[in-house]
Amino acid sequence: MGKYDFTEIEKKWQAYWQENGTFIQPNPDDVDFADRPKYYILDMFPYPSGAGLHVGHPEGYTATDIVARHKRMKGFNVLHPMGYDSFGLPAEQYAVEHGVHPRETTAANIANIERQIKMFGFSYDWSRRVATTEPDYYRWTQWIFLKMFNSWYDPDADAARPIEELIDKLFSGALAVDAGGNVVPVAPYDRIPNISLEGVAYGQVKFQKLALDQQRRLIDEYRLAYMAEVPVNWCPKLGTVLSNEEVTNEGKSDRGDWPVYRKNLKQWMLRITSYSDRLLEGLDELDWPESIKIMQRNWIGRSEGADVDFVVDGSTGVSPVPEQEVIRVYTTRPDTLFGATYMVLAPEHPLVEQITTDEQRDAVDGYVKEAAHKSELERTTETKQKSGVFTGAYAINPVNDEKIPIWVADYVMMGYGTGAIMAVPAHDERDFEFAKAFSLPMRAVVMPDMTWIQQKRPKPMPKPEWDRDPENWIKNYISKPETYSIAFTGEGTAVNSDRYDRLTTAEFKKQVTEWLEENGLGRAAVNYKLRDWLFSRQRYWGEPFPIVHCEKCGTVALDEDQLPLELPEMDDFTPSASDDPDAPPAPPLAKATDWINTTCPSCGSPAKREINTMPQWAGSCWYYLRFLDPKNEKIFCDSDVEKYWMKPPSEESAIRNPQSAIGGIDLYVGGAEHAVLHLLYSRFWHKVLYDLGYVSGPEPFGKLFNQGMIRSYAYRDKRGVCVGYEDVDTSGDKPVHKTTGEVLSESIEKMSKSLKNVVNPDEVIGEYGADTFRLYEMFMGPLEASKPWNTRDVPGVHRFLHRVWRMICGNEETQSLLTDKVGDEKVERALHKLIKKAGEDIKAMKFNTAIAAMMEFVNVVFKAGAISKTQAERFVPVLAPFAPHLAEELWQRLGHDKSLAYEPWPEYNESLLVEDTAELAVQVNGKMRGLITVPADAAEDAIIEAALAEPKVAAAVEGKTIVKKIVVPGRLMNLVVK
RNA sequence: GCCGAAGUGGCGGAAUUGGCAGACGCGCAGGAUUCAAAAUCCUGUGUCCGUUCAGGACGUGAGGGUUCGAGUCCCUCCUUCGGCACCA
């Protein structure tokens, strides 16, 4: 019958699937669509890098392929697509260095990576393939951007609405504009103190009274996509802004090691912060790993507290420009207001300039300038030593009218809260350190519990004889918290707080917040760590913004019918480099003069195109929607098609199928490296589309699964130099260098070129075949766990596939075990057990134990020496999701002329799984003393009798009284004796 | 520092609700087949004590606890990995 020729078999069936379109899944509006339950299963699509696939990619892809194939056999319409996230810096960098257009590099990389993916025989519907760099695709990325540009976040509706609604409301007078100097409508989420002090009722201006360009600017500030001057990591030498991830700890660029500066630049922003609460609350409904949810919650970083206004001393507090007179701070601990002994402004705070006294001006200016040249990372890395400068100005603490000094220090960030804090050194670690460094006073206002005092109190106390009486500990803490080595940051009862003394922290917070509100000095406030999304890059290889800047009309959107706005043809992709940190940014697109100069879609006068491009995340924010309807030229995705694949189930069907109550993608698999950014950005875009009525559910990914990282062994010699596998001999006790014989150190590390521990899937497939590769990666361990690749283990699963082959087909030396006779009963029983176990394990994504179960079954067959045809015909479909090529071949050799991809998953009979006898472990005082075999339905007395008949059990019980008998049916029994 | 995950043979890893620790595979040892090797097949394989057959003790990162019974639950600690990091 021939041997298991995996190379031939895999080639044959991959060609078959392709020719027959086996895995093409029709949409509801297609003629050959069959109405069945749906299952949308998605992989995080890859970036087509020049290095191709590494072994981590096929891990997730194999897992989803197993589930997809299983679901097809269970009668689902399965949507299982694949595509490419192909915009990005490496292709552009390559273009700069080699003069090859990024489009060509990308096309070549896609071709290579697709060849690799296809080697594995995944059951993707390739007719739905997309790449984010195709104009047909990014046309719709631009289209969604325009939707954001043309929307605002309506706090009343708590949803994104068309910008026309805001304009209507302004013109109708439902909303107005305050006279703070800025164009700010009456909206709850501003930080400008428009009700800050009594007697300052700023008159509101009717929108119509504003000048035309003021009206326009006001509207622009409320769009979901807006331009703002924000601090960025600016690298003049690279000519681009960098994300924090692209900046090293030394404040240099990751690429090229050039200096990076903090700089305010006008950039595109997306108003993701408006969705903070919804992004947070939505998490509760999702079937995601709890750890990922926690990471997103931390990233959003919601905290509750109060905004409190401090008046700058010497100012009246009444002014037409109030923010110059009042410092608003955010605190989560308004209960510590009486402990505020100084204030701190961030160096970038607009008030610094205003309040600094002449004596302090030089020092403050110098400090602010220095801080500007530090990167965010630098500032946060230097945690050891606090720095700061006194402004010379004072503020009045609203609760006790105390005059406290105002400092500038870079431990306060402009980006969080209000960029200003009240410092309570006794109860905040950072303030404590700062106060110690600059000898600022402290006041204890929260009384810690006695355990804390006992453990942390200074030893010896200022007067050693005090230490005898704990009363003195308390007195000492209340009067001298600075004698402690750390701050007490927990909750407790109030002291030194006037009328609030003895209140608990929680009660104090409540009461003081109410008091602040009544007196117009502050109010309850919520804060988030989440920032609006910096959405522009100074690069070529990204989606161009469909935006034109017109001198008359300002920022103007292209009409939808002008999309896609394609990238201009260029030869030189180098951004203008400079050594001068103040040189203005000049992105590559600045050189495409023909392309830049255009006419304004609104007024027709000459205008210029936006020359920034979108960041790499843009295309991946919505690709799962394009897969639904990839060829649609009218809309990004037909609404009926979207409903079929994504709509949350009705309540009734949610009960039947609780796994996807929230709707969206039924299973999304990928690495945990996207735990926050990609998954948060996508959820944000999806919610915008949901608000605007383009998608039917609030969340894109109903169920998420994170695969663990595959790492591998790395070898280093004594000097710490990495040694590649071809030079390592691992056959002995310790790994040694093949040529020098030197003993090498072994560690498990992330695969990387520099560690010389990268495993190439092409080689493994060449030697053992795709089915073996798939099986090995699934057999390594739990999908979610990180685990080391060990090529030495691969032959194990390969051997198993050979055994399966011999079992059904035999080979030159051995007969097949296939028989015409009625199947062996033990084999039959084992088969039913396998069908049950494999089905359950696939559902639970426990593929390693499913494979172990198949191995056990095959071992049973070999022991029995025979398998009937009907048994083989039920085993092969179980194998099929895991090793589809081999399974198809065996299926054909069993006499079938069609692919088994849509054969029903075999049934099992529960009654066959129940044994009539049970083997029970017998314990005496919890120690194993023997095994007995009893009828499955044996009574307790009979079991105990049988147990006592066991010599070893009898010996252990000998001469003692049985005080307790425990029988766990089908498992064990325990005799407690004395 | 904070948050999260995880520590089980020589290795990767199994182990419903607490119920026979080490399934399955690798490696290793012995044997069969072979002129020989590869491949394949069979047997054994947690550690220690015990002369064989027995048999016994110990054993899931460390220490304590709950329980008839703990890899699994609780407390304290250690180590590794992942994320965040002056977030007021």
Side-chain angles (χ1 to χ4, degrees), chain A residues 3 289-295 297-299 301-303 305 329-333 336 344 377 379-383 386 409-413 415-424 427-431 433-434 489 527-531 672-673 675-676 706 708-709 711 713 730-731 733 748 750 775-776 779-782 784-790 792-797 799-800 802-803 806 811 813-814 840 846 848-856 859 862 919-931 952 963-977:
Chain A
K3 63 176 184 29
E290 202 51 40
S291 59
I292 303 291
K293 288 191 189 180
I294 289 169
M295 273 196 236
R297 284 193 192 108
N298 290 345
W299 192 264
R302 185 182 201 274
S303 70
V329 302
Y330 171 73
T331 176
T332 54
R333 293 294 298 272
T336 61
V344 185
L377 274 154
R379 268 170 64 169
T380 54
T381 313
E382 290 173 351
T383 47
K386 293 264 185 295
D410 65 5
Y411 82 92
V412 173
M413 303 288 157
Y416 183 80
T418 59
I421 61 156
M422 63 172 201
V424 185
H427 302 293
D428 181 280
E429 279 173 46
R430 296 146 302 174
D431 297 343
E433 273 175 44
F434 190 83
T489 57
N527 241 298
Y528 303 89
K529 289 188 206 171
L530 186 67
R531 308 284 72 180
E673 67 271 21
V676 178
N706 283 118
M709 199 191 312
R711 298 184 295 162
Y713 294 95
T730 50
S731 58
D733 278 357
I748 295 171
K750 254 184 217 179
L775 218 54
Y776 171 65
F779 189 57
M780 284 171 80
E784 67 275 18
S786 117
K787 45 216 171 271
W789 176 280
N790 194 350
R792 279 216 283 185
D793 288 342
V794 175
V797 286
R799 240 171 267 172
F800 165 68
H802 269 284
R803 259 163 92 78
R806 277 193 298 123
N811 60 24
E813 294 115 49
T814 358
E840 286 170 355
K846 288 162 73 175
N848 53 331
T849 50
I851 293 167
M854 288 193 279
M855 289 172 166
E856 278 179 272
N859 289 345
F862 271 86
E919 208 173 47
L920 250 59
V922 182
Q923 296 182 341
V924 178
N925 284 350
K927 283 212 161 112
M928 265 291 291
R929 292 299 170 190
L931 281 172
K952 277 204 266 173
V963 293
K964 202 167 179 183
K965 306 161 191 167
I966 293 126
V967 176
V968 184
R971 291 207 166 260
L972 60 56
M973 55 158 304
N974 191 9
L975 296 173
V976 186
V977 299

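These numbers were taken from a predicted model, which means no experiment stands behind them. Labels below follow one simple rule: chain letters A, B, ... track the order of the sequence lines, proteins then strands, and each chain is numbered from 1.
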Item to check | Distance, rounded to the nearest Å, where Phe862(A) contributes CZ and rU43(B) contributes P | outcome: 13 Å
Checklist entry - Nearest-Å distance, CD (Glu429(A)) to P (rC2(B))? => result 9 Å
Next on the checklist: Measure CE/Met295(A) against P/rG83(B) and give the value in whole Å, please.
Outcome noted: 8 Å
Checklist entry - Do Met422(A) and Thr331(A) come within less than 4.5 Å of each other through their side chains, counting heavy atoms only? => result yes
Item to check | Pairwise 5' ranking along RNA chain B for Met973(A) and Ile748(A), keeping only the more 5' one | outcome: Ile748(A)
Next on the checklist: Could you tell me if the side chain of His427(A) sits less than 4.5 Å from the side chain of Thr489(A), heavy atoms only?
Outcome noted: no
Item to check | Per Arg971(A) side chain, nearest of listed nucleotides rU17(B), rG56(B), rC24(B) | outcome: rU17(B)
Item to check | rG13(B) to rA85(B) separation - C1' atoms, rounded to the nearest Å | outcome: 35 Å
Next on the checklist: Quick check on rG12(B): is either OP1 or OP2 less than 4.0 Å from any side-chain nitrogen or oxygen of Asn848(A)?
Outcome noted: no
Checklist entry - Which is true for Pro782(A) with a 4.0 Å heavy-atom rule: it touches a base, it touches only sugar-phosphate, or it touches nothing? => result sugar-phosphate
Checklist entry - rG9(B): syn or anti, with syn meaning chi within 90° of zero? => result syn
Checklist entry - Where do Ala675(A) and Met295(A) come nearest, in terms of heavy atoms and distance? => result CB-SD, 3.8 Å
Next on the checklist: Side chains of Val794(A) and Trp789(A), heavy atoms from C-beta outward: is any pair under 4.5 Å?
Outcome noted: yes
Checklist entry - Base, sugar-phosphate, or nothing: which does Asp431(A) touch, judged by heavy atoms less than 4.0 Å apart? => result nothing
Item to check | Side chain to side chain, Met780(A) and Asn790(A), heavy atoms closer than 4.5 Å | outcome: no
Next on the checklist: Check the phosphate of rA88(B) against Ser303(A), side-chain N and O only, distance under 4.0 Å to OP1 or OP2. Yes or no?
Outcome noted: yes
Next on the checklist: For a quick check of understanding: with a heavy-atom distance under 4.0 Å over all strands, which category does Glu856(A) fall into, base, sugar-phosphate or nothing?
Outcome noted: sugar-phosphate
Checklist entry - Which nucleotide in the list rG25(B), rG13(B), rG19(B) gets nearest to the side chain of Lys787(A)? => result rG13(B)
Next on the checklist: Mind checking if Pro788(A) touches a base, just sugar-phosphate, or nothing, with heavy atoms under 4.0 Å?
Outcome noted: sugar-phosphate
Checklist entry - Could you write out RNA chain B as a dot-bracket string, with dots for unpaired bases, | for bases paired across to another strand, and Watson-Crick or G-U pairs counted at under 3.5 Å? => result (((((((..(((......[....)))((((((.......))))))((((.....))))..(((((..]....))))))))))))....
Checklist entry - Minimum heavy-atom separation for Trp299(A) to Lys529(A), with atom names? => result O-CB, 3.7 Å
Next on the checklist: Is the shortest side-chain heavy-atom distance between Asp431(A) and Ile421(A) below 4.5 Å?
Outcome noted: yes
Next on the checklist: Within the 4.0 Å heavy-atom criterion, would you say Arg803(A) contacts the bases, only the backbone, or no part of the nucleic acid?
Outcome noted: sugar-phosphate
Item to check | Distance, rounded to the nearest Å, where Ile292(A) contributes CD1 and rG83(B) contributes C1' | outcome: 9 Å
Checklist entry - Whole Å only: how far is the OH atom of Tyr416(A) from the C1' atom of rC86(B)? => result 12 Å
Checklist entry - rG22(B) and rG44(B): how far apart are their C1' atoms, nearest whole angstrom? => result 16 Å
Item to check | Base rC26(B) paired with Asp793(A) side chain (donor-acceptor, <3.5 Å) | outcome: no
Checklist entry - Lys293(A) near the nucleic acid: base, sugar-phosphate alone, or nothing, with a heavy-atom cut-off under 4.0 Å? => result nothing
Next on the checklist: From C-beta outward on Arg799(A), which listed nucleotide comes closest to its side chain: rG25(B), rG27(B), rG82(B)?
Outcome noted: rG27(B)
Next on the checklist: Are the side chains of Tyr776(A) and Ile851(A) in contact, using a 4.5 Å heavy-atom criterion?
Outcome noted: no
Next on the checklist: Taking the six-membered ring of Tyr411(A) as reference, does the cationic atom of Lys386(A) (NZ for Lys, CZ for Arg) lie under 6.0 Å from its centre and within 45° of its axis?
Outcome noted: yes
Next on the checklist: Side chain of Met928(A) only, heavy atoms from C-beta on: which candidate in rA15(B), rC41(B), rC20(B) is closest?
Outcome noted: rC20(B)
Checklist entry - Taking the same atom, C1', in rG10(B) and in rG27(B), what whole-Å distance lies between them? => result 7 Å
Item to check | Which nucleotide in rA88(B), rC68(B), rC86(B) has an atom nearest any side-chain atom of Asp428(A) | outcome: rA88(B)
Item to check | Lys965(A) (side chain) and rC68(B) (base): donor-acceptor pair under 3.5 Å | outcome: no
Checklist entry - With a non-hydrogen cut-off below 4.0 angstrom, is Arg302(A) in contact with a base, only sugar-phosphate, or nothing? => result nothing
Item to check | Between rC41(B) (C1') and Phe800(A) (CZ): distance, integer Å | outcome: 17 Å
Checklist entry - Of the nucleotides rC86(B), rC41(B), rA15(B), which one has an atom closest to the side chain of Tyr411(A)? => result rC86(B)
Checklist outcome for this item: Ranking rA88(B), rG12(B), rC68(B) by distance to the side chain of Asn974(A), first place goes to rC68(B)
Item to check | Nucleotide of rG4(B), rG12(B), rA88(B) approaching Ser291(A) most closely (side-chain heavy atoms) | outcome: rG4(B)
Item to check | Within 6.0 angstrom of Glu673(A) CD, more than 12 heavy atoms from elsewhere | outcome: yes
Next on the checklist: In whole Å, I'd like the distance from the CZ atom of Phe779(A) to the P atom of rG13(B).
Outcome noted: 11 Å
Checklist entry - Say you pick atom C1' in rG9(B) and the same atom in rC58(B); how far apart are they, in whole Å? => result 14 Å
Next on the checklist: Over all strands shown, is Tyr713(A) touching base, sugar-phosphate only, or nothing at heavy-atom distances under 4.0 angstrom?
Outcome noted: sugar-phosphate
Next on the checklist: Quick check on RNA chain B: between Gln923(A) and Leu975(A), whose nearest nucleotide comes earlier from the 5' end?
Outcome noted: Gln923(A)
Checklist entry - Across the strands shown, which category fits Leu972(A) at heavy-atom distances under 4.0 angstrom: base, sugar-phosphate, nothing? => result base
Item to check | Distance between P atoms of rA62(B) and rU72(B) (Å, rounded) | outcome: 11 Å
Next on the checklist: Could you check whether atom NZ of Lys293(A) has more than 12 heavy atoms from other residues, nucleotides or ligands sitting under 6.0 Å from it?
Outcome noted: yes
Checklist entry - Expressed as a whole number of Å, how far does the C1' atom of rG19(B) sit from that of rA70(B)? => result 10 Å
Next on the checklist: With rounding to the closest Å, how many angstrom separate the C1' atoms on rC24(B) and rA15(B)?
Outcome noted: 12 Å
Checklist entry - Between rG61(B) and rG56(B), how far is it from one P atom to the other, in whole Å? => result 26 Å
Next on the checklist: How many whole angstroms separate atom NZ of Lys927(A) from atom C1' of rA57(B)?
Outcome noted: 8 Å
Next on the checklist: If the cut-off is 4.0 Å, is Lys846(A) near the phosphate of rA15(B), judged by side-chain N/O to OP1 or OP2?
Outcome noted: yes
Next on the checklist: Starting the side chain at C-beta, find the nucleotide from rA88(B), rC20(B), rG12(B) nearest to Ala921(A).
Outcome noted: rC20(B)
